[in-house]
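Structure first, commentary second.
A note on names: the letters A, B, ... follow the listed sequences, proteins ahead of strands, and every chain is numbered from 1.
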Protein chains: 2
Amino acid sequence: MSDSDVLPPRLSGFERECIDIFVHAAQVLGIPRSVGEIYGLLYASPEPLPMDEVVERLSMSKGSASQGLRWLREVGAVQSTYVTGDRRDHFMAETRLRKLAGGYLREQIEPHLHNAEGRLGRLEGEVAGLPEGGDRKFSSERLQKLRRWHRFARQILPLFLRVANKI
Amino acid sequence: MSDSDVLPPRLSGFERECIDIFVHAAQVLGIPRSVGEIYGLLYASPEPLPMDEVVERLSMSKGSASQGLRWLREVGAVQSTYVTGDRRDHFMAETRLRKLAGGYLREQIEPHLHNAEGRLGRLEGEVAGLPEGGDRKFSSERLQKLRRWHRFARQILPLFLRVANKI
DNA sequence: TAAATCGTTCATTTTTCCTTGAACATTTTG
DNA sequence: CAAAATGTTCAAGGAAAAATGAACGATTTA
């Protein structure tokens, strides 16, 4: 006799579909599947959940749940709350798009944009060291284009957040 | 005696820095490193390059170069051109941001948005099957929020392309 | 038409990333 | 204080993705 005959299903249909959606979203964003699962479960929950329940409902190791929840807290995608008479931390999904996107951009994208500045500086050094001639003009134009792209990214992301704020 | 004593360096400083930039950009976008390398090399090249040269300059296998170039062509990030007196295909980087971003969104993002519609439909089915009560209201609100996000994504991406067109 | 060139495909290897679970620290309960 | 509960860390294992290179087909050249 298998467990499914005696145990209640761990997840409701609604929960399963929410998890499915966020697992796929995580895939698009390059985030681990387990993180998508956790967020999906919390998104489907009217009440905040403690870590044990995440572990149990998702059949996930404590390690993954601990790390996943930490990551989600760091990017501001979940908040931990008190529940009276329970010393465990309880977690709930942050669902304001502005907060979600803002945390992701700050933690995941901003560092890359920052590093890109250093790389553009090095590229500029290379162009400066080039001998005069047709290739130098070409290289300089390519560098300028990269700089425009970088400036564009720096401007468009805050704009994106302002628009997201209205959703 | 090592090769570096007798062979010219395969890549110029300018090329190396361009490649570095696009390798990191690829990482952010979840694209294989080899694809970033190829695009970076082509971006740095005033002339279109045949596949052999990509293989040689990047010390990359023919397989990777072939597949990487195919992918780049599919998303519209490189174009192949004729070079008179040479039967090999020659590749050059597409550098219009609108084209680059458009191809990426069409090939990589759009399929996910399309699939999401199916998932939202299934989620709607789950909500419809829920008994009346507080949880049903909650679930319905969460579903609506997902639908708003989806609509938002569908609207913001074309807008993004219009703005990118001016860069 | 034989040899050389160009490019693709795909099974295999390599690498990278994710998950696991045991060990541990900390706090709480009996 | 001993046992239980809660949560973190990290080495090791496993899974998924990427790179390799040999085999192959197609085309061109001598």
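A:L72 has its CG atom 15 Å from the P atom of D:dG7, to the nearest Å. Put simply, CD1 on A:I38 is 13 Å from P on C:dC18, counting in whole angstrom units. Note: CD (A:Q27) to C1' (C:dC17) measures 14 Å, nearest angstrom. Atoms NZ (A:K62) and P (D:dT8) sit 10 Å apart, rounded to a whole Å. Taking atom OH of B:Y82 as the reference point, atom P of C:dC6 lies 14 Å away to the nearest angstrom. Atom CD in B:E37 sits roughly 14 Å away from atom C1' in D:dT20 (whole-Å rounding). In this structure, B:R88 atom CZ and C:dA4 atom P are separated by 18 Å, rounded to whole Å. In this structure, A:L29 places its CG atom 17 Å from C1' of C:dC18, rounding to the nearest Å.
Using a 4.0 Å cut-off between a side-chain N of Lys or Arg and a carboxylate O of Asp or Glu, A:R122 and A:E126 do not qualify as a salt bridge. Contact check on B:E94 versus B:K99 returns no salt bridge, with no Lys/Arg side-chain nitrogen under 4.0 Å from an Asp/Glu carboxylate oxygen. The pair B:R154-B:E110 counts as a salt bridge, with a side-chain nitrogen and a carboxylate oxygen less than 4.0 angstrom apart.
Of the candidates D:dT9, D:dA19, C:dT20, the closest approach to any side-chain atom of A:S64 belongs to C:dT20. Checking D:dG7, C:dT8, D:dA19 against the side-chain heavy atoms of B:M51 singles out C:dT8 as nearest. Among C:dT19, D:dG7, D:dA19, the nucleotide with an atom closest to any side-chain atom of A:D89 is D:dG7. Comparing D:dT9, D:dA4, D:dG7 against the side chain of A:R87 picks out D:dA4 as the nearest. Among C:dT20, C:dT8, D:dT20, the nucleotide with an atom closest to any side-chain atom of B:M60 is D:dT20.
For A:Q67 against D:dC10, a side-chain-to-base donor-acceptor contact under 3.5 Å is present.
Residues B:D86 and A:I31 each lie close to DNA chain C; by heavy-atom proximity, the contact nearer the 5' end of the strand is made by B:D86.
A donor and an acceptor atom, one from each side chain of A:R10 and A:S59, are located under 3.5 Å apart.
Dashed line: the shortest gap from a side-chain N or O of A:S34 to OP1 or OP2 of C:dT19 is under 4.0 Å. For C:dG7, neither phosphate oxygen OP1 nor OP2 lies less than 4.0 angstrom from any side-chain nitrogen or oxygen of B:S66.
When ring centroids are compared, A:F152 and B:F160 come within the 6.0 Å threshold.
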